[in-house]
Number of protein chains: 2
Amino acid sequence: MVRLVQMCEQRGLRLTEPRRTVLDVLETATDHPCAYEIHRRASQVSNVGLPTVYRVLGDLVKAGLLTRHVFGDRKARYERVGSEPHPYLIDIASGQIVGVDDDGLARLLEETARRLGYRLVDCRLTLFGEKK
Amino acid sequence: MVRLVQMCEQRGLRLTEPRRTVLDVLETATDHPCAYEIHRRASQVSNVGLPTVYRVLGDLVKAGLLTRHVFGDRKARYERVGSEPHPYLIDIASGQIVGVDDDGLARLLEETARRLGYRLVDCRLTLFGEKK
DNA sequence: CTAAATGCAAATCATTTGCAAAGAG
DNA sequence: CTCTTTGCAAATGATTTGCATTTAG
């Protein structure tokens, strides 16, 4: 996967301490943290302002390196671009959001949108089910 | 399709003028309006406060009659549950339903759920796209 | 009559912006 | 040195809440 720091250099974004810290948080994250959470993690390493976190995130989204998802709680969550976009499975009973990394499903959804003349931007998949 | 007014009666929600107005806006909407837009439409019929619109929407979501989607613009958009038996695609710019044919989708969704350890009881799939 | 529902104004909460100071190249 | 980036405080915009008043049943 492309290193975020390298992408910044290529784009002429200065590698400042706060930017470096936020990038590192994003590189090492295994989940989809919100801005507040990213700020919390970054703050453990160095002094970074919340607006700076938002600015860095905005830059990276603009650069196409991150995608932004907004769920019911209205907090934006950020994710490294990989095989985007992919559907989410939401277990209503537990409230858990489970990522469904199903290439076949993602491809089919994309294709379905394309057939209608659209570029798939996002999708919501809600399953009402019982645990087996 | 279940009438919203009937559902309110069943749940003991009083049929007040503002509630009636908001319900009517939702019944007749062919798109997925945000709260502000719902309020705008309702206001053309009678005096309804924006907080009341939010309260009615919240009640209906809680009752399982509406679903709430939040996009990049952080505005919540509301949609009748069960209004469309099949998956569909929403134009992000306009909120309009474009439509989707779902050959093979249902089967794939079921299989996806099963792989995650769930028995699929019901599902709601919504795609969001931009016109190419 | 009584509890539910309302409108208004003010409060919240995530996010953004203005601006002077600090720092990269 | 110059232009970008920052932190802080204040602004913004969608949504929610407090509360006195109205209203359905």
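Chain identifiers are assigned alphabetically (A, B, ...) following the order of the sequence lines, protein sequences preceding nucleic acid strands; residue numbering begins at 1 within each chain.
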task = Please state whether the base of D/dC3 and the side chain of A/R14 form at least one donor-acceptor pair under 3.5 Å?
result = yes
request  = Check every atom of D/dT16, D/dT6, C/dG7 against the side chain of B/T52 and return the nucleotide holding the closest atom.
outcome  = C/dG7
query = In whole angstroms, how far is the C1' atom of C/dT17 from the CG atom of A/L50?
reply = 13 Å
ask   = Is B/D31 paired with B/R77 through a side-chain N to carboxylate O contact shorter than 4.0 Å?
value = no
query = B/D24 pairs by side chain to side chain contact (heavy atoms under 4.5 Å, CB included) with which of B/L26, B/T28, B/T21?
reply = B/T28
Distance in angstrom units between B/N47 CG and D/dT22 P, rounded = 14 Å
query = Any donor-acceptor pair under 3.5 Å joining the side chain of B/R55 to the base of C/dG7?
reply = yes
note = Residue pair B/P51/B/L13 against DNA chain D: nearer the 5' end by closest nucleotide is B/P51
request  = Measure the distance from NZ on B/K62 to C1' on C/dA5 and round it to the nearest whole Å.
outcome  = 14 Å
message = What is the distance, to the nearest angstrom, from the CD1 atom on B/I38 to the P atom on D/dT15?
response = 10 Å
query = Looking for any heavy atom pair under 4.0 Å, which part of the strands does A/P18 touch: base, sugar-phosphate only, or nothing?
reply = sugar-phosphate
request  = Would you kindly give the CZ-to-P distance between B/R20 and D/dA24, to the nearest whole Å?
outcome  = 9 Å
message = Assess whether a salt bridge exists between B/E27 and B/R80, defined as any Lys/Arg side-chain N lying under 4.0 Å from an Asp/Glu carboxylate O.
response = yes
Verify same cluster id: A/L13, A/L57 (apolar side-chain graph, 4.5 Å) = no
